[in-house]
Q: 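Below is the structure I would like to discuss, written out as structure tokens.
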Amino acid sequence: MKHSTKRVSQFYFSLPRLVAKVCGGNARRAETNAMEAWAGGLIFYLISYVFFATRFIPPGFAHWQTVLLLIALAFFVWLFWLLLLYINSIIIKLLQPCGLFRTLPSRRAQSILLGISTTAMAGALLMRGPWIRGIGLFWLLAVAVNLASAFVLALSNEK
């Protein structure tokens with residue numbers, strides 16, 4: 001007799017965990033969902049890329065110059081994130097002796113600091129053109145819905 005194994009979905013972000021709970025699934029936190037990691041990372045990168053593109057690439061250049069600058073910007077945004085991760089790790093190590101982030105794993109503290117940085121960039125995008133404003137608004141709405149989902153899960157005693 002074969003036993004059917006039902007794969008249990010587990011998510012890192014609160015909104016998918018809340019949806020899983022509402023649909024009768026398991027709402028426990030998991031940190032092994034590769035699709036969430038890739039999607040989250042790409043959205044973080046997109047927000048920062050658009051932020052820096054609107055800040056440093058002037059609109060008056062020829063199209064070929066703009067394309068070259070956008071390609072170079074992709075590399076510099078990658079370097080920015082590497083530097084920010086390093087700086088965040090130093091901030092976390094400095095704050096732990098002060099009592100902040102003491103019981104929180106470093107990867108979660110890093111997520112909090114990266115989320116704050118990306119949210120600040122998305123907020124700045126709200127002052128730009130309509131499609132750029134839409135990107136910033138998308139991020140801010142996603143963060144708000146995710147925080148609301150975390151609040152609902154906390155009230156329901158889900159970890």
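Along the sequence shown, residues carry numbers from 1.
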Q: Assign the ring pair Phe75 / Trp78 to parallel, tilted or perpendicular, where the plane angle (0 to 90°) is split at 30° and 60°.
A: tilted
Q: Which heavy-atom pair separates Leu84 from Ser117 by the least distance, and what is that distance?
A: CD2-OG, 3.8 Å
Q: Rounded to the nearest 0.5 Å, how far apart are OH of Tyr86 and CD1 of Ile91?
A: 11.5 Å
Q: Are Val143 and Leu113 connected, step by step, through hydrophobic side chains (Ile, Leu, Val, Met, Phe, Trp, Tyr) whose heavy atoms are closer than 4.5 Å?
A: no
Q: Applying ring pair (Phe, Tyr, Trp, His ring centres under 6.0 Å), run through Phe80 and Phe52 and close with a yes or a no.
A: CA-CA 10 Å; Phe80 164 79; Phe52 286 118; 4.9 Å; yes
Q: Hey, what do you get for OG1 (Thr119) to CG (Leu140), rounding to the nearest 0.5 Å?
A: 6.5 Å
Q: Determine the minimum heavy-atom distance between Ser106 and Ile92, stating which atoms define it.
A: O-CD1, 3.9 Å
Q: State plainly whether one hydrophobic cluster holds both Leu70 and Met121, where clusters connect Ile, Leu, Val, Met, Phe, Trp and Tyr through side-chain heavy atoms under 4.5 angstrom apart.
A: yes
Q: Pairs under 3.5 angstrom only: tabulate donor-acceptor contacts from the side chains of residues 128-137 to other protein residues two or more places apart or in another chain.
A:
residue	atom	partner	partner atom	Å
Arg133	NE	Leu126	O	3.1
Arg133	NH2	Arg128	O	2.9

Q: Tell me whether Val50 shares a hydrophobic cluster with Leu68, the cluster being built from Ile, Leu, Val, Met, Phe, Trp, Tyr side chains joined at under 4.5 Å.
A: no
Q: Under a single-linkage definition using a 4.5 Å side-chain heavy-atom cutoff for Ile, Leu, Val, Met, Phe, Trp and Tyr, are Phe56 and Phe61 assigned to the same hydrophobic cluster?
A: yes
Q: Of all the heavy-atom pairs spanning Phe51 and Leu125, show the shortest one and how long it is.
A: CA-CD2, 3.7 Å
Q: Can you tell me how far CD1 of Ile112 sits from CD1 of Ile116, rounded to the nearest 0.5 angstrom?
A: 7.0 Å
Q: Would one find more than 12 heavy atoms of other residues, nucleotides or ligands at under 6.0 Å from atom OH of Tyr45?
A: yes
Q: Using the rule that Ile, Leu, Val, Met, Phe, Trp and Tyr join whenever any side-chain heavy atoms are under 4.5 Å apart, tell me whether Leu46 and Leu85 fall into a single cluster.
A: yes
Q: Ignoring hydrogens and geometry beyond distance, is a side-chain donor-acceptor pair present between Trp139 and Thr118 at under 3.5 Å?
A: no
Q: Which atoms form the tightest heavy-atom contact between Leu18 and Ser149, and what is the distance?
A: CD2-OG, 3.7 Å
Q: Shortest non-hydrogen contact from Ile47 to Ala122?
A: CG2-N, 4.0 Å
Q: Mind jotting down which residue pairs meet the side-chain hydrogen bond (donor to acceptor under 3.5 Å, both in side chains) criterion with at least one end in residues 63-73? Sequence neighbours excluded, please.
A: none
Q: Minimum heavy-atom separation for Trp81 to Phe44, with atom names?
A: CZ2-O, 3.8 Å
Q: Taking distance alone, no hydrogens or angles, what donor-acceptor pairs closer than 3.5 Å link side-chain atoms of residues 94-105 to residues at least two apart or in another chain?
A:
residue	atom	partner	partner atom	Å
Gln96	NE2	Phe101	O	3.4
Arg102	NE	Gln96	O	3.4
Arg102	NH2	Gln96	O	3.4
Arg102	NH2	Pro97	O	3.2

Q: To the nearest 0.5 Å, what is the distance between OG1 (Thr54) and OH (Tyr49)?
A: 11.5 Å
